[in-house]
Amino acid sequence: MTVSIPTGAPAAPDVVGRPNRLMAAGGYTLRAPRPGDQEAWRDLYRQFAEHYTVPVDADHQDLVWSWVMDADHPLRCLLAEAPDGTLHGLAHYRAFTRPLAGSTGCFLDDLLVDSGVRGCGATDALLHGLRQIAADEGWTVVRWITADDNHRARSVYDEFAVRTMWVTYDMTPGMLPDELRGRML
């Protein structure tokens with residue numbers, strides 16, 4: 001899969017994203033990973049984990065890489081490849097069911113552009129590419145979360161998407177309390 005970003009004609013006024021960045025975004029080839037990309041992917045994924053101060057070891061990376069390379073796994077990866085063949089960014093995404101909407105959406109789990117080339121158009125390319133993939137798949141939304149203090153990324157995201165009112169919670173899995181055992185599930 002390769003996604004093309006138009007660069008020729010000026011963008012229509014209603015283009016989502018940053019129309020002034022289309023030329024830079026159009027310099028990238030967006031594609032799925034290949035086996036030879038593993039080391040470059042590892043470096044990008046390590047940068048992503050470090051940004052969020054999440055430790056990842058080689059076994060963790062091997063597991064996620066195996067998911068990315070498994071056509072039957074729901075996690076997909078989109079890479080931003082520069083004209084010289086260098087990988088500048090990645091996006092991990094997957095379909096998710098939207099019961100209230102009666103539809104399927106795209107959840108963007110991870111988006112990272114190499115810290116040495118930020119501002120070069122790779123983020124725009126990846127977001128435009130995900131938008132196209134979602135349209136091609138018939139998905140009704142592309143959704144993601146980011147840290148409240150991730151100001152640089154949020155300034156870009158604000159050009160592509162609408163910030164929602166939803167507050168995210170994480171609950172640790174655990175056993176039912178004794179008082180509920182045998183009464184539930």
Sequence-distant partners of R76, salt bridge (charged side-chain N to carboxylate O under 4.0 Å, His left out), two or more places apart:
E137
Salt bridge R46-D43, side-chain N to carboxylate O under 4.0 Å:
yes
Determine, for D149 against R154, whether the closest basic-nitrogen to carboxylate-oxygen distance falls under 4.0 angstrom.
no
Near-ring test W144/Y157, centroid separation under 6.0 angstrom
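Yes - the distance between ring centres of Y157 and W144 falls below the 6.0 Å cut-off.
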Can you tell me how far apart [atom1] ([X]) and [atom2] ([Y]) are? Round to the nearest 0.5 Å.
X	Y	atom1	atom2	result
H60	R42	NE2	CZ	10.5 Å
Y93	D109	OH	CG	11.5 Å
S66	H73	OG	NE2	7.0 Å
R143	W166	CZ	CH2	8.5 Å
I133	L78	CD1	CG	4.5 Å
D114	L112	CG	CG	7.5 Å

Taking Q47 for the side chain and S115 for the main chain, is one N or O donor matched with an acceptor at less than 3.5 Å?
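Yes: the side chain of Q47 pairs with the backbone of S115.
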Looking only at heavy atoms, what is the nearest atom pair of [X] and [Y], with distance?
X	Y	answer
R94	P74	CB-O, 3.4 Å
L87	E81	CD2-CB, 3.9 Å
D37	A32	OD2-O, 4.4 Å
V68	C77	CG1-CB, 3.5 Å
A122	A80	CB-CB, 4.2 Å
R31	R34	CD-NH2, 3.1 Å

Examine [X] and [Y] and state if one hydrophobic cluster contains both, with Ile, Leu, Val, Met, Phe, Trp and Tyr joined whenever side-chain heavy atoms are less than 4.5 Å apart.
X	Y	value
F107	V141	yes
F160	L30	yes
V142	F96	no
F48	L111	no
L44	V156	no

Worked check of side-chain hydrogen bond (donor to acceptor under 3.5 Å, both in side chains) between H128 and Y28
CA-CA 11 Å; H128 280 296; Y28 284 91; over 6 Å; no
So, [X] and [Y]: side-chain donor and acceptor under 3.5 Å apart, yes or no?
X	Y	result
R98	T140	yes
Y52	D110	no
D136	Q132	yes

Please check if the number of heavy atoms outside R152 that lie under 6.0 Å from its CZ is greater than 12.
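At most 12 heavy atoms, drawn from other residues, nucleotides or ligands, come within 6.0 Å of this atom.
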CG/D84: more than 12 non-hydrogen atoms of other groups inside 6.0 Å
yes
Checking W67 against H92 for the side-chain contact (heavy atoms from CB on, under 4.5 Å) test, could you report, in this order, the C-alpha distance in whole Å, the side-chain angles of both residues, the deciding distance, and whether it holds?
CA-CA 10 Å; W67 293 345; H92 293 148; over 6 Å; no
Do the side chains of M175 and R181 get nearer than 4.5 Å, heavy atoms only?
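In contact.
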Apply side-chain contact (heavy atoms from CB on, under 4.5 Å) to I145 and L108, showing your working.
CA-CA 8 Å; I145 60 173; L108 172 58; over 6 Å; no
What do the steps show when you test V64 against V56 for side-chain contact (heavy atoms from CB on, under 4.5 Å), and what is the final call?
CA-CA 10 Å; V64 176; V56 291; over 6 Å; no
